[in-house]
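These numbers come from a predicted model, not from an experiment. Each residue takes its place number in the sequence, starting with 1.
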Amino acid sequence: MKDVIVTQNLTKMYGDKAAVSSMDMHVKQGDIYGFIGRNGSGKSTTLKMLCGLAFPTQGSIRVFGQSLSRESVRKRIGVLIESPGLEGGRSAYENMYLKASLMGIVDPDKEIRELLTLTGLNPDNKKLVKRYSMGMKQRLGIAMALLGGPDLLILDEPINGLDPEGMNQLRSLLVDLNQKKGVTILVSSHILGELSKMATRYGIIKDGCLVKEISKEELSAECKDYLYLKTSDSKMAAVLLEEKLRIRNYEVRPEGEIRIYQKADSGQITTVMTSAGISVFAIYGHQQDLEGYFLDLMGKESKTGSSKKGGRRHA
């Protein structure tokens with residue numbers, strides 16, 4: 001599968017601080033590429049460089065195999081970065097018509113009406129954009145990004161301000177554009193549950209560095225089932241797991257939490273713990289999701305894995 005976006009050593013400095021550092025990113029044709037990172041990690045700066053709104057300090061960007069400086073390349077990209085640039089004193093239709101004119105689209109009425117309807121807006125509504133809610137402005141921004149039928153969409157937090165119904169509609173829209181029209185989509189979002197329902201690949205950024213690129217299938221393979229155990233004394237509980245139950249594939253985590261990655265009988269574990277005077281606060285099967293995987297990778301939940309023999313860190 002062809003690469004739509006390739007960056008090499010992409011770096012952006014502000015003074016002596018690197019907002020993005022030595023990034024090698026690969027977005028493939030047909031991807032819905034979920035771009036994940038904490039606030040301030042460099043997501044928006046990266047996306048701005050990828051669509052020409054910011055210039056790299058060093059490194060290179062290739063889009064569709066060509067330099068981003070080529071006008072023919074930029075015309076194939078639809079963009080919504082941070083908040084849409086809207087004329088508050090105009091209606092949604094008028095904003096769309098103005099952008100279409102600037103893009104050189106001849107007789108854009110039909111396309112404008114279709115896109116506004118597609119994103120849940122009424123093309124005949126004369127309400128001024130300055131009176132729109134945040135969610136309505138996001139819808140309009142997405143409609144404007146779709147003008148001209150781009151082959152690549154770059155969207156920064158497009159779900160912001162949308163209610164659950166709006167999130168579902170936007171997700172369906174993006175999946176349809178991807179699957180039915182072949183549009184490659186690079187999208188960032190802090191709402192990981194929504195992102196996991198549509199992304200086919202992920203890029204995870206931390207402190208300006210791309211720490212991992214992983215496909216949906218690879219993520220599913222790494223997000224293993226485990227038995228969650230929370231006790232009053234995790235250190236002693238770990239000893240009992242090994243000595244009494246021969247359980248070695250586990251991880252001790254903060255606040256009395258243990259994750260057991262091998263087959264184990266929860267009733268038997270509870271009996272052994274309570275017999276030794278250790279309180280069992282919780283024990284249940286758990287499937288790690290994208291959010292849990294992300295938090296583990298960012299090192300938020302724990303600093304170290306089990307130090308016991310046979311224990312392991314789960315990433």
Side-chain angles (χ1 to χ4, degrees), residues 24-26 28 31-38 41 188-207 209-315:
D24 295 337
M25 173 186 277
H26 305 83
K28 299 184 180 297
D31 275 349
I32 299 181
Y33 187 104
F35 197 34
I36 305 171
R38 292 173 178 162
S41 62
S188 74
S189 179
H190 67 280
I191 306 176
L192 302 186
E194 282 298 313
L195 198 58
S196 68
K197 295 175 184 176
M198 59 180 171
T200 58
R201 292 183 69 237
Y202 299 93
I204 302 174
I205 184 173
K206 179 180 181 181
D207 298 330
C209 298
L210 192 66
V211 296
K212 190 148 190 142
E213 287 188 312
I214 187 170
S215 70
K216 183 177 183 178
E217 292 74 22
E218 290 168 335
L219 177 65
S220 295
E222 291 201 20
C223 290
K224 301 294 186 182
D225 290 327
Y226 62 85
L227 186 66
Y228 175 98
L229 172 64
K230 187 171 184 180
T231 70
S232 57
D233 187 340
S234 58
K235 291 184 179 179
M236 182 55 68
V239 171
L240 292 172
L241 288 177
E242 293 202 19
E243 294 184 352
K244 299 292 186 182
L245 299 168
R246 301 293 186 265
I247 292 173
R248 304 192 184 282
N249 194 7
Y250 67 90
E251 177 188 3
V252 178
R253 298 171 70 86
E255 299 178 359
E257 177 188 339
I258 298 175
R259 294 183 180 182
I260 300 169
Y261 300 108
Q262 68 186 69
K263 187 176 181 180
D265 187 315
S266 59
Q268 189 178 23
I269 291 172
T270 301
T271 299
V272 169
M273 297 300 156
T274 54
S275 296
I278 298 173
S279 298
V280 176
F281 300 132
I283 183 167
Y284 55 85
H286 184 274
Q287 168 67 48
Q288 190 181 39
D289 57 11
L290 173 61
E291 185 169 5
Y293 181 84
F294 171 74
L295 290 173
D296 276 358
L297 200 60
M298 294 296 102
K300 183 174 181 179
E301 287 191 323
S302 67
K303 294 181 179 178
T304 60
S306 172
S307 60
K308 304 293 294 180
K309 182 181 178 181
R312 67 176 175 89
R313 181 172 178 80
H314 182 63

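- The nearest pair of heavy atoms linking Ser41 to Ile205 is O-CD1, 3.4 Å.
- Using a 4.5 Å heavy-atom cutoff, the side chains of Leu241 and Met273 are in contact.
- How far CG of Leu229 is from CZ of Arg259: 12.0 Å, rounded to the nearest 0.5 Å.
- Across all their heavy atoms, Gln262 and Ile247 have their closest contact at NE2-CA, 3.7 Å.
- Pairs passing the side-chain hydrogen bond (donor to acceptor under 3.5 Å, both in side chains) check and including a residue from residues 264-279, sequence neighbours excluded, do not occur.
- Taking all atoms of both residues into account, the shortest heavy-atom contact from Gly34 to Ala199 is N-CB, 4.1 Å.
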Set out, in order, the CA-CA distance, both residues' side-chain angles and the distance that settles side-chain contact (heavy atoms from CB on, under 4.5 Å) for Ile283 and Leu227, then state yes or no. CA-CA 7 Å; Ile283 183 167; Leu227 186 66; 4.0 Å; yes

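- Checking side-chain atoms of Ser232 against main-chain N and O of Ile278 turns up no donor-acceptor pair under 3.5 Å.
- When all heavy atoms of Val252 and Ala238 are compared, the pair lying nearest together is CG2-CB, 3.9 Å.
- Closest heavy-atom contact between Tyr202 and Lys216: CE1-CA, 4.3 Å.
- For Lys28, the side-chain contact (heavy atoms from CB on, under 4.5 Å) partners at least two apart in sequence or on another chain are Met1, Asp3, Asp31, Arg201.
- Judged by distance alone, with hydrogens and angles left aside, the side-chain atoms of Glu257 form no donor-acceptor pair with the main-chain N or O of Tyr228 at under 3.5 Å.
- The line from CD1 of Ile258 to CD of Glu251 is 10.0 Å long, rounded to the nearest 0.5 Å.
- Here the closest non-hydrogen pair linking His26 and Tyr33 is O-CE1, 3.4 Å.
- The side-chain contact (heavy atoms from CB on, under 4.5 Å) test applied to Ser189 returns Glu157, Ile159, Ile191, Leu195, not counting sequence neighbours.
- Using a 4.5 Å heavy-atom threshold, the side chains of Phe35 and Met25 count as touching.
- Dense packing is recorded around CG of Asp233, with more than 12 heavy atoms of other residues, nucleotides or ligands lying under 6.0 Å away.
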